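Below: the structure, in structure tokens.
These numbers come from a predicted model, not from an experiment. Throughout, protein chains are lettered first and strands after them, A, B, ... in sequence-line order, and every chain is numbered starting at 1.
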2 protein chains.
Amino acid sequence: MVTIRDVARYAGVSPATVSRVVNGLTGYSTSTQLRVEEAVLALNYEPDSLARGLKTKQSAVIGVLAPLVSDALASEIMSGVESAARSRGYSVMLGRTGLGSEHAAGYLRTLRTYRAAGVILISAAITADMRRALGSAIPLVSVAIRDGLRFPSLAIDDERAAYDGTRYLIGLGHRHIGLLAGDPQSVLVNTVRERGYLRAMAEAGLPAVLEQGNSLYDSAPPALGRLLRRDPLLTAVFALSDEMAAAVVNDLQRLGRRVPEDVSVLGFDNTRTARHVHPALSTIAQPLEKMGELAVERLLAGTDLRPRILPHRLVERGSTTQVPPG
Amino acid sequence: MVTIRDVARYAGVSPATVSRVVNGLTGYSTSTQLRVEEAVLALNYEPDSLARGLKTKQSAVIGVLAPLVSDALASEIMSGVESAARSRGYSVMLGRTGLGSEHAAGYLRTLRTYRAAGVILISAAITADMRRALGSAIPLVSVAIRDGLRFPSLAIDDERAAYDGTRYLIGLGHRHIGLLAGDPQSVLVNTVRERGYLRAMAEAGLPAVLEQGNSLYDSAPPALGRLLRRDPLLTAVFALSDEMAAAVVNDLQRLGRRVPEDVSVLGFDNTRTARHVHPALSTIAQPLEKMGELAVERLLAGTDLRPRILPHRLVERGSTTQVPPG
DNA sequence: TTGTAGGCGTTATCAC
DNA sequence: GTGATAACGCCTACAA
């Protein structure tokens with residue numbers, strides 16, 4: 001391994017000077033800068049992150065934790081995180097915490113012992129346990145979930161978004177609208193979204209029909225079955241994730257119902273998944289990539305970690321239409 | 001931050017002794033062990049990974065690099081990697097290298113400066129550049145891709161798997177079978193799989209019809225269009241990834257063709273995606289999770305990093321059937 | 001402008 | 001069985 005001393009020897013200067021040049025500080029002549037840079041190149045020197053971090057008490061790593069890193073939602077947020085991090089010279093360390101965030105504390109401890117610059121939590125609420133595991137020195141922000149006002153977060157107005165989605169279906173003439181809710185574990189998004197749906201239905205004087213899934217594909221078919229049993233006249237299903245909405249579209253077709261002619265389906269998130277079914281999903285869009293970028297920005301700025309609300313919007317595709325006549 | 005010296009002071013022993021206890025070495029009495037353990041708990045001490053790594057020249061991190069970390073294939077491999085790593089006390093650092101592996105070298109350099117214990121590459125070939133960026137001290141293994149015999153890898157026999165898939169379709173009576181190939185960038189899997197298809201078709205005296213996609217969903221519809229134009233009598237499509245196969249199923253239905261009654265569709269990988277369409281995909285299964293586990297095992301064993309072939313198998317679901325009569 | 005020296009928190013090699 | 005002590009590679013006062 002080539003160290004700073006090797007470079008110093010090669011360039012005929014002291015290690016301190018090499019450090020200054022490498023870190024872009026001031027206090028050296030152009031000629032020494034050149035000699036050092038040449039030596040760095042010649043020896044293919046790269047500062048040891050471990051040693052540097054030990055000294056500076058900070059490593060250029062941003063941790064990103066998600067229940068599954070594999071879902072489209074996390075993926076699109078991560079994409080924003082990574083480009084923002086890279087452009088600032090930070091590396092991203094991803095970790096999958098499990099559906100119930102089982103491994104979150106472990107990852108946070110690791111991140112702490114590596115003195116990460118900050119941690120981004122996707123689709124998971126910040127709990128006191130987590131905050132403790134990470135320690136107080138490292139900033140933490142939650143994305144795509146709103147955790148009251150107590151912890152830093154970046155999210156849309158979930159209540160309003162669900163309200164708007166429901167209003168949209170009502171506007172198409174639907175009166176029997178079922179809600180396929182998400183993971184009850186993620187209470188913070190889902191109860192809030194449920195509230196938006198319930199408010200819109202109540203305002204319109206319509207009966208609410210609600211079943212729980214867990215946001216993932218496989219949870220939707222059984223929940224859809226329960227929904228249809230409770231209200232056989234359903235002409236619209238509002239699923240609180242695109243994965244569930246996709247499953248609903250597929251399962252409806254399996255049951256011989258046409259989408260959207262017989263039943264309209266509205267998704268949530270506007271991930272890639274929304275376009276991976278036929279017909280493609282109408283859905284509520286969150287600015288996922290933007291959220292990822294902002295999270296990095298705010299984490300590194302260190303200041304202004306107050307909860308922030310971003311705009312949502314409705315995207316119309318083929319899975320929704322006017323209520324069928326008769 | 002609480003250091004080993006704090007613990008030592010609290011327990012009334014020297015830092016050296018604390019280190020011995022914490023690392024489970026020998027050379028202390030039961031009574032001091034108890035005192036130290038008590039102190040560790042009381043102070044909530046956790047060794048600084050940076051300092052430890054600096055000293056031991058190794059950190060308990062395994063890097064996992066994938067083009068997208070978000071696809072179902074990478075996700076299932078990662079799942080195996082993580083459980084195997086966790087059970088051995090290692091953390092996993094994920095990185096997305098981009099479809100053309102653009103960012104791989106950067107990640108490898110970072111991993112090197114953090115003195116990672118090893119690196120696992122998913123769906124990407126090990127190039128000389130990568131090997132150089134990582135340095136020679138850190139082991140590297142490639143998963144789900146076979147890179148000739150020059151570099152360590154863990155994969156199925158792709159040629160044989162594609163051959164078997166094609167034989168299966170031929171066995172169902174199909175004579176017009178189109179191949180939807182994968183990313184030409186990943187030459188190492190795809191040319192090999194193509195070869196398997198071509199061999200099976202040639203053996204059966206059938207004409208080959210082949211178009212290129214890039215393994216992802218969006219690339220499939222246009223490629224399917226080209227396939228159908230070249231052979232309007234197609235009764236089966238063999239797509240070299242489940243994502244493409246799912247897109248084919250959806251697009252076929254959009255075009256008014258029934259799956260599998262009019263056209264059979266065979267996928268590849270057996271990821272979650274295979275069950276996320278209607279009808280669910282018949283597909284060639286790779287032991288993805290197992291691959292991830294094995295990769296960790298071999299990386300840490302350090303020895304026996306020779307290429308290894310794992311078994312594949314055919315999974316029948318609803319997307320394939322006998323050739324339509326007439 | 002440049003170099004020397006000390007220390008970040010840990011482990012490992014010695015003594016005792 | 002236990003404790004000084006040095007060293008890992010780097011950064012940063014401070015001195016020159």
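Of the listed nucleotides (dC10(D), dG3(D), dT10(C)), dG3(D) has the atom at the smallest distance from the side chain of Ala16(B).
In terms of modelled atom types and a separation under 3.5 Å, the side chain of Ser79(B) and the main chain of Glu289(B) share no donor-acceptor contact. A donor-acceptor pair under 3.5 Å links the side-chain atoms of Ser142(A) to the main chain of Ala124(A), judged by distance alone.
Distance Arg5(B) CZ to dG7(C) C1': 10 Å, rounded to the nearest Å. Whole-Å rounding puts the Leu43(A) CG to dG9(D) C1' distance at 15 Å. Following rounding to the nearest Å, Asn23(B) (CG) and dG9(C) (P) show an atom-to-atom distance of 17 Å. A straight line from CE of Met1(B) to C1' of dC8(C) spans 10 Å, rounded to a whole angstrom. Between the C1' atom of dC10(D) and the CG atom of Asp48(B) lies a distance of 14 Å, rounded to the nearest Å. dT11(C) atom C1' lies 10 Å from atom CZ of Arg20(B), rounded to whole Å.
Both Leu25(B) and Leu50(B) sit near DNA chain C, but only Leu50(B) has its closest nucleotide nearer the 5' end. Each of Thr3(A) and Pro15(B) has a nearest nucleotide on DNA chain D; the 5'-most of these lies closest to Pro15(B).
Under 3.5 Å, the side chain of Arg115(A) and the base of dG9(C) form no donor-acceptor pair of N or O atoms.
Within a 6.0 Å radius of CZ in Arg5(B), no more than 12 heavy atoms belonging to other residues, nucleotides or ligands are found.
Phosphate proximity of dT11(C) to Ser19(B): present, with a side-chain N or O under 4.0 Å from OP1 or OP2. At dA4(D), none of the side-chain N or O atoms of Ser14(B) fall inside 4.0 Å of OP1 or OP2 (strictly under the cut-off). Regarding contacts with the backbone of dG9(C), every side-chain N or O of Tyr114(A) stays at 4.0 angstrom or more from both OP1 and OP2.
Remark: Tyr28(A), Ser29(A), Thr32(A) in residues 28-39 of chain A come within less than 4.0 Å of DNA chain C through at least one heavy atom. Residues from residues 52-62 of chain B lying near DNA chain D, meaning a heavy-atom separation below 4.0 Å, are Leu54(B), Lys55(B), Lys57(B) in numerical order.
Under the 3.5 Å distance criterion, with hydrogens and angles disregarded, a donor-acceptor pair is assigned to the side chains of Thr113(B) and Ser49(A).
Taking all atoms of both residues into account, the shortest heavy-atom contact from Ala295(B) to Ile120(B) is CB-CD1, 3.7 Å. In terms of heavy-atom proximity, Val61(B) sits nearest to Tyr114(A) at CG2-OH, 3.3 Å.
Axis orientation changes by 40° from one end of the helix from dT1(C)-dA16(D) to dC16(C)-dG1(D) to the other, with each end axis drawn from 5 pairs and the value rounded to 10°.
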